[in-house]
A.B. asks: 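I have a structure here, written as structure tokens, and I will follow up with some questions on it.
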Amino acid sequence: MDSDAIPSLFASLHIPANHTSVGLSNLVASNAEAKALFHHKRLPEVGWSDVHIQRLLFELSVLDTNCEETVKCQLSSSASAGKFTHRWTGAGEREGRIYSTLVSQRHYGLGHGIGRSGDVMEAQPKAVGSSALLRLALRLILDAVRRGAGLNGNSGKGNQPSGPAANGTLLPVCTGMSIALVLSGLRDRAKKIDGVVSDSKPERNVVLWSRIDQKSCYKAILAAGLKCVVLPTRAHPDTDEVSTDLDALQSALSKYGNEILAVITTTSCFCPRVPDEVDKVAKTIKLWNDERPGAGVSHVINHAYGLQCQATNKLLNRACTIGRVDAIICSTDKNFLVPVGGAPILSPDSSVVESISKNYPGRASASPVIDLFITLLSMGLEGYKKVLEERRRLTGLFQSQLERIAEKFGERTLKCPRNTISFGMTLDKLVCVESEQNSDAGVALKEQNKQITKFGSMLFTRCVSGTRVVAKNETKTISGHTFVGFGSSHDSYSHAYMTAACAVGLGEAEMNEFFARLDKSLKDYCAKRDKDRKRRAKKSAQDVDEEMSKVAISA
């Protein structure tokens with residue numbers, strides 16, 4: 001409703017002018033905030049109210065075509081009346097039609113999705129409201145990671161954007177699928193730069209992946225139709241950390257040369273794995289590429305939930321300054337507390353972002369973008385900084401509580417100072433002594449691992465989620481590749497252990513309850529273990545007595 005016309009319209013209803021002016025001031029203030037959002041394209045300092053956000057969403061929805069009524073409503077009313085009463089008619093195979101009123105309300109009538117078949121960021125003529133929402137959501141998240149998380153994206157030389165968050169796109173899929181799409185976009189870009197494939201210019205179909213024991217990244221490489229070369233990790237001699245093997249990277253670069261499309265490193269990981277030394281990797285790749293013409297080897301960083309860690313973000317800033325970084329893949333759910341299904345892709349290079357956006361096949365779901373847009377407006381910059389600061393505050397408390405419990409049960413926490421999100425505790429004394437003394441080492445290890453896995457099941461049945469219990473020397477085969485010591489990202493990690501994360505969104509009360517349940521679970525497990533040990537010892541003694549009796553009788 002036009003605010004200029006409201007006074008006369010309300011006067012016709014005999015509403016006093018002074019009453020109207022009070023209400024009108026709210027509308028004017030709301031309109032001013034919305035205008036400021038579009039003008040500055042930055043997070044509001046203070047988060048908006050739910051009513052304010054919903055109003056904006058419905059206004060954007062009205063700008064899309066075919067959003068007036070659900071199909072169900074048309075079938076029940078318009079058809080029986082024999083007259084079509086809406087402004088738009090649709091004669092295409094996809095007209096944003098929604099059957100369920102509940103579904104339409106859930107999406108605020110925004111049913112056309114985002115992008116077009118040629119580019120996920122391209123404006124959609126039938127969905128100008130959705131297109132505006134997408135572009136605005138991207139600008140808001142870039143602002144959040146720059147001013148909130150601390151990733152650089154400021155203007156560099158010649159007033160050109162620079163740093164890891166200089167450019168970006170939004171993909172409405174999970175982190176793993178986003179990695180596949182990023183690699184596909186980089187492959188297309190490399191083909192354009194390298195030109196015709198020949199003996200001297202082989203196809204770039206190899207990805208070097210610094211090992212991290214999460215299935216999605218490895219599968220993403222294969223899903224993109226590429227060959228994955230798993231680079232081993234290095235166990236740190238002075239701590240419990242597992243990290244980048246730079247010598248293995250250098251050897252692989254020499255071995256595969258111009259066949260390499262990209263190197264993938266990871267900054268958010270489960271303890272004892274710590275963030276890859278992405279600055280050193282970036283520098284190594286830059287030096288390698290400087291000696292060779294063409295597209296060169298790209299560097300992709302899996303930064304899934306790393307935005308919440310200030311130290312890791314500083315590492316990314318340094319990597320982009322001293323070396324080569326092409327794409328940084330983040331997760332919306334892990335960093336911004338929304339449902340799974342979205343990924344911001346950041347890059348210092350606008351041409352990389354363009355290649356990735358154009359590589360997305362077909363139109364995309366607007367649902368993850370709507371969720372992100374609502375959340376960012378609800379948080380505001382102040383709210384986003386607050387959840388980041390709360391995580392930092394709880395980190396010290398989290399570590400001290402884990403250390404207390406570990407010491408209580410004769411264990412210790414893993415020394416991994418470069419991982420400030422995931423923390424570990426050894427479980428070396430959780431197994432029975434008898435299984436350790438088994439004459440068959442393979443049988444003994446299998447029994448130990450079985451007992452350790454049972455402890456993980458005990459935690460889950462007591463409503464503790466998110467922890468990982470990792471046994472020693474487990475193997476897992478994924479798409480033909482066997483990972484030895486799976487879970488620890490190392491072939492021969494020396495401890496059985498469990499991990500727990502102090503991640504964004506965790507509250508102090510929830511943290512305290514987790515440690516209370518962990519304490520109780522360990523206590524109950526050890527009591528049951530000791531009871532079983534005594535029972536086996538008693539049975540063993542009885543078996544010896546029976547055997548001695550048989551010997552005596554036969555004598």
Side-chain angles (χ1 to χ4, degrees), residues 138 141-156 160-171 175 178-179 182-183 186 208-210 212 214 217 231 241 243-244 246 249 262-270 273-287 289 296-332 334-336 342-353 356 384-385 388 391-392 395 416-422 503-504:
L138 175 60
I141 201 166
L142 288 175
D143 184 47
V145 299
R146 291 169 186 166
R147 293 199 293 153
L151 282 183
N152 290 341
N154 301 322
S155 294
Q160 293 298 312
S162 64
N167 306 280
T169 186
L170 275 172
L171 298 181
T175 309
S178 295
I179 291 173
V182 166
L183 291 174
L186 290 174
L208 307 182
W209 177 50
S210 183
I212 178 167
Q214 294 170 331
C217 191
L231 301 179
E241 294 178 337
S243 186
T244 327
L246 293 169
L249 170 62
V263 175
I264 297 183
T265 53
T266 306
T267 55
S268 52
C269 40
F270 298 113
R273 187 68 159 81
V274 298
D276 276 314
E277 297 167 54
V278 293
D279 52 344
K280 294 180 181 178
V281 172
K283 188 173 183 179
T284 298
I285 294 173
K286 183 180 184 299
L287 292 173
N289 288 332
V297 175
S298 296
H299 183 195
V300 176
I301 300 177
N302 180 1
H303 196 50
Y305 53 92
L307 286 174
Q308 57 193 278
C309 178
Q310 193 174 36
T312 309
N313 290 333
K314 288 181 178 178
L315 192 65
L316 288 184
N317 289 336
R318 174 172 166 75
C320 291
T321 301
I322 68 171
R324 172 143 178 186
V325 175
D326 292 83
I328 300 163
I329 301 164
C330 307
S331 169
T332 54
K334 297 181 183 73
N335 293 293
F336 297 100
I345 312 300
L346 311 174
S347 177
D349 190 337
S350 60
S351 68
V352 170
V353 167
I356 294 166
Y384 181 50
K385 285 184 174 180
L388 294 178
R391 192 201 77 82
R392 282 195 291 270
T395 298
C416 301
R418 286 183 289 174
N419 193 332
T420 62
I421 297 176
S422 178
V504 68

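By convention here, the first residue in the shown sequence is residue 1. Worth knowing before you read on, the calculation uses all heavy atoms, side chains too, and leaves out hydrogens, waters and symmetry mates.
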A.B. asks: Please determine whether side-chain contact (heavy atoms from CB on, under 4.5 Å) holds for the pair Asp279 and Thr321, giving the CA-CA distance in whole Å, both sets of side-chain angles, and the decisive distance to 0.1 Å.
C.D. replies: CA-CA 9 Å; Asp279 52 344; Thr321 301; over 6 Å; no
A.B. asks: Check whether any side-chain N or O of Asn335 sits under 3.5 Å from a backbone N or O of Ala304 as a donor-acceptor pair, and report yes or no.
C.D. replies: yes
A.B. asks: Go through the steps to decide whether Val278 and Leu316 satisfy the test side-chain contact (heavy atoms from CB on, under 4.5 Å), and finish with yes or no.
C.D. replies: CA-CA 7 Å; Val278 293; Leu316 288 184; 4.1 Å; yes
A.B. asks: Check whether Asp349 reaches the backbone of Asp326 with its side chain - one donor and one acceptor, N or O, closer than 3.5 Å.
C.D. replies: no
A.B. asks: To the nearest 0.5 angstrom, please state how far the CG atom of Leu138 sits from the CG atom of Asp143.
C.D. replies: 11.0 Å
A.B. asks: Decide yes or no for Thr175 and Ile329: does some side-chain heavy atom of the first lie under 4.5 Å from some side-chain heavy atom of the second?
C.D. replies: yes
A.B. asks: Closest heavy-atom contact between Trp209 and Cys217?
C.D. replies: NE1-SG, 3.4 Å
A.B. asks: So does Glu277 get a backbone contact from the side chain of Thr244, meaning a donor-acceptor N/O pair under 3.5 Å?
C.D. replies: yes
A.B. asks: Should Ile421 and Val504 count as side-chain neighbours, where that means a heavy-atom distance under 4.5 Å?
C.D. replies: no
A.B. asks: Report the C-alpha distance between Cys320 and Asn152 in whole Å, list the side-chain angles of each, state the deciding distance to 0.1 Å, and finish with yes or no for side-chain contact (heavy atoms from CB on, under 4.5 Å).
C.D. replies: CA-CA 9 Å; Cys320 291; Asn152 290 341; over 6 Å; no
A.B. asks: Within the structure provided, determine whether Pro164 and Val325 are in side-chain contact (heavy-atom separation under 4.5 Å).
C.D. replies: no
A.B. asks: Output the distance between atom OG1 (Thr267) and atom CG (Asn419), rounded to the nearest 0.5 Å.
C.D. replies: 10.0 Å
A.B. asks: Could you tell me whether a side-chain N or O of Arg146 sits under 3.5 Å from a main-chain N or O of Ala166, the two making a donor and an acceptor?
C.D. replies: yes
A.B. asks: If we check side-chain hydrogen bond (donor to acceptor under 3.5 Å, both in side chains) with Ser210, which of these qualifies: Asn302, Thr265, Asp276?
C.D. replies: Asp276
A.B. asks: With a sphere of 6.0 Å drawn around CZ of Arg318, does it hold more than 12 non-hydrogen atoms of other residues, nucleotides or ligands?
C.D. replies: no
A.B. asks: Do His303 and Asn313 have side-chain heavy atoms sitting under 4.5 Å apart?
C.D. replies: yes
A.B. asks: Are Asn167 and Ser347 close enough that a side-chain donor and a side-chain acceptor fall under 3.5 Å?
C.D. replies: no
A.B. asks: Would you check if Thr284 and Val263 make a side-chain contact, meaning some heavy-atom pair closer than 4.5 Å?
C.D. replies: no
A.B. asks: Contact between Ser268 and Thr312 at the side-chain level, heavy atoms closer than 4.5 Å - yes or no?
C.D. replies: no
A.B. asks: Closest heavy-atom contact between Ile212 and Cys269?
C.D. replies: CD1-CB, 3.1 Å
A.B. asks: Roughly how far, to the nearest 0.5 Å, is CG of Leu307 from OH of Tyr384?
C.D. replies: 5.0 Å
A.B. asks: Are any side-chain N or O atoms of Glu241 and backbone N or O atoms of Val274, one a donor and one an acceptor, separated by less than 3.5 Å?
C.D. replies: no
A.B. asks: Kindly give the heavy-atom pair with the smallest separation between Arg418 and Ser243, and that separation in Å.
C.D. replies: NH2-CB, 3.9 Å
A.B. asks: Determine whether a donor-acceptor pair (N or O, by modelled atom type, separation under 3.5 Å) exists between the side chain of Asn317 and the backbone of Leu151.
C.D. replies: no
A.B. asks: The test is side-chain contact (heavy atoms from CB on, under 4.5 Å); show your working for Phe270 and Gln214 and say whether it passes.
C.D. replies: CA-CA 9 Å; Phe270 298 113; Gln214 294 170 331; 3.4 Å; yes
A.B. asks: Between Tyr305 (side chain only) and Thr332 (backbone N and O only), is there a donor and an acceptor less than 3.5 Å apart?
C.D. replies: no
A.B. asks: Looking at Val300 and Leu183, what are the two nearest heavy atoms and their distance?
C.D. replies: CG2-CD2, 4.4 Å
A.B. asks: Are the side chains of Thr420 and Arg391 in contact, using a 4.5 Å heavy-atom criterion?
C.D. replies: yes
A.B. asks: Which value, rounded to the nearest 0.5 Å, describes the distance between Ile285 atom CD1 and Leu208 atom CG?
C.D. replies: 8.0 Å
A.B. asks: I'd like to know if the side chain of Arg324 and the backbone of His299 have a donor-acceptor N/O pair within less than 3.5 Å.
C.D. replies: no
